[in-house]
Amino acid sequence: MTSHTPPSDWPTDERTARAVQDELRTRVVLDEPGPAPGRGHVTGVDVAYDDERDIVAAAVVVLDGATLDVVEQATAVGTVAFPYVPGLLAFREIPTVLAALSELNSDPGLVVCDGYGIAHPRRFGLASHLGVLTGLPTMGVAKNPFTFSYEPPAAPRGSASPLLAGAEEVGRALRTREDVKPVFVSVGHRVSLANACAQTLGLTPRYRLPESTRRADALCRAALRQAVGA
DNA sequence: GCGACAG
DNA sequence: ATCTTGTCGC
């Protein structure tokens, strides 16, 4: 695992963070289908916090897209760079995620984030932000509808319904397990919504959440425990 | 102005 | 996100 400190020019106030979003949001690429499901690599990303000590641990886990076996993984710990502000989550998580990604020797392939892509108040959530900064295809799979609305998808696995911001479809509520609460999929960067949903189904042969995020979640928690001592 | 709000 | 025991189910 590696340690790092946020870049000296990283935003520390909301005003600056919003200005950075406005500059980067124009670089999101939405006209590429992205990597096909079941092939290449898929990389899960997640972070865990210790608010007491202001510590954040990030984990990236590269999976074989066909077998879902772990190909490589890395972690990084650092100091929290930004407070939690809905709409500005990326500023809190990305520095440590980038540090972990830089430790990888493998091609990350498609990056799957725990949160949103363009389904965001300003259409520039965590996944899109990470995609623009790295150039990698990214998507988001969130556990909650955030500020958006949706009609419950039909009961069978694979059923979906639009995730709406007014009349605009910003993502999709996708049922990954029969009769279980759907996950909320959105495009991050260089991936289509249809492909993002197909990828999500390929990553959920057994549980509601993608294997990539389950793996990353377990790893960042372990890294945090080790960093703090427990 | 007030409340809601990914992780 | 995080604080947390037992418990129902595959």
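Naming convention: chains lettered A, B, ... in sequence-line order (proteins, then strands); numbering from 1 in each chain.
- Between A/P11 and A/T16, the closest heavy-atom pair is CB-CG2, 4.1 Å.
- Nearest heavy-atom pair across A/A196 and A/V191 is N-CG1, 4.0 Å.
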What pairs of donor and acceptor atoms, side-chain ones from residues 146-156 of chain A against any protein atom, are under 3.5 angstrom apart with sequence neighbours left out?
none

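- In this structure, the side chain of A/Q199 engages the main chain of A/P35 through a donor-acceptor pair within 3.5 Å.
- Between the side chain of A/R122 and the backbone N or O of A/R18, at least one donor-acceptor pair lies under 3.5 Å.
- Taking atom CD1 of A/I94 as the reference point, atom C1' of B/dG7 lies 13 Å away to the nearest angstrom.
- Under the 3.5 Å distance criterion, the side-chain polar atoms of A/H120 are matched with a main-chain donor or acceptor of A/G87.
- Although no hydrogens or angles enter the test, the distance criterion places a donor-acceptor pair under 3.5 Å between the side chain of A/T138 and the main chain of A/H189.
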Using Watson-Crick and G-U wobble pairs whose two distances are both under 3.5 Å, how do you write the pairing of DNA chain C as dot-bracket, with | for links to another strand? ..........
Atom pairs under 3.5 Å: protein N/O with N/O of nucleotides 6-10 of chain C:
none

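- Put simply, the side chain of A/H41 never gets that close to the backbone of A/V62: no donor and acceptor are under 3.5 Å apart.
- Proximity of A/R92 to the phosphate of C/dA1: no side-chain N or O atom is located under 4.0 Å from OP1 or OP2.
- Classification of A/R215 and A/D64 as a salt-bridged pair fails, no side-chain N sitting under 4.0 Å from a carboxylate O.
- Judged by distance alone, with hydrogens and angles left aside, the side-chain atoms of A/R157 form a donor-acceptor pair with the main-chain N or O of A/T176 at under 3.5 Å.
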Pair assignment for DNA chain B - dot-bracket with | for other-strand partners, Watson-Crick or G-U under 3.5 Å: .......
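- Of all heavy-atom pairs between A/R175 and A/R177, the closest is CG-O, 3.2 Å.
- A/S186 places a side-chain N or O within donor-acceptor distance of the main-chain N or O of A/G117, the cut-off being under 3.5 Å.
- For the residue pair A/A76 and A/A100, the shortest heavy atom distance occurs at CB-N, 3.6 Å.
- A side-chain donor-acceptor contact under 3.5 Å links A/E72 to the backbone of A/S106.
- Taking a 4.0 Å limit (strictly below) on heavy-atom distances, residues 41-56 of chain A reaches DNA chain C at A/A48, A/Y49.
- Put simply, the side chain of A/R208 gets close to the backbone of A/P182: a donor and an acceptor are under 3.5 Å apart.
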Identify all pairs in which a protein N or O lies below 3.5 Å from an N or O of nucleotides 3-6 of chain B, and state each distance.
{"residue": "B/dA6", "atom": "OP2", "partner": "A/Y84", "partner atom": "OH", "Å": "3.1"}
{"residue": "B/dA6", "atom": "N7", "partner": "A/G87", "partner atom": "N", "Å": "3.3"}
{"residue": "B/dA6", "atom": "N6", "partner": "A/G87", "partner atom": "O", "Å": "3.2"}
{"residue": "B/dA6", "atom": "N6", "partner": "A/L88", "partner atom": "N", "Å": "3.4"}
{"residue": "B/dA6", "atom": "N6", "partner": "A/L89", "partner atom": "N", "Å": "3.2"}
{"residue": "B/dA6", "atom": "N6", "partner": "A/H120", "partner atom": "NE2", "Å": "3.4"}
{"residue": "B/dA6", "atom": "N1", "partner": "A/L126", "partner atom": "N", "Å": "3.2"}
{"residue": "B/dA6", "atom": "N3", "partner": "A/Y116", "partner atom": "N", "Å": "3.3"}

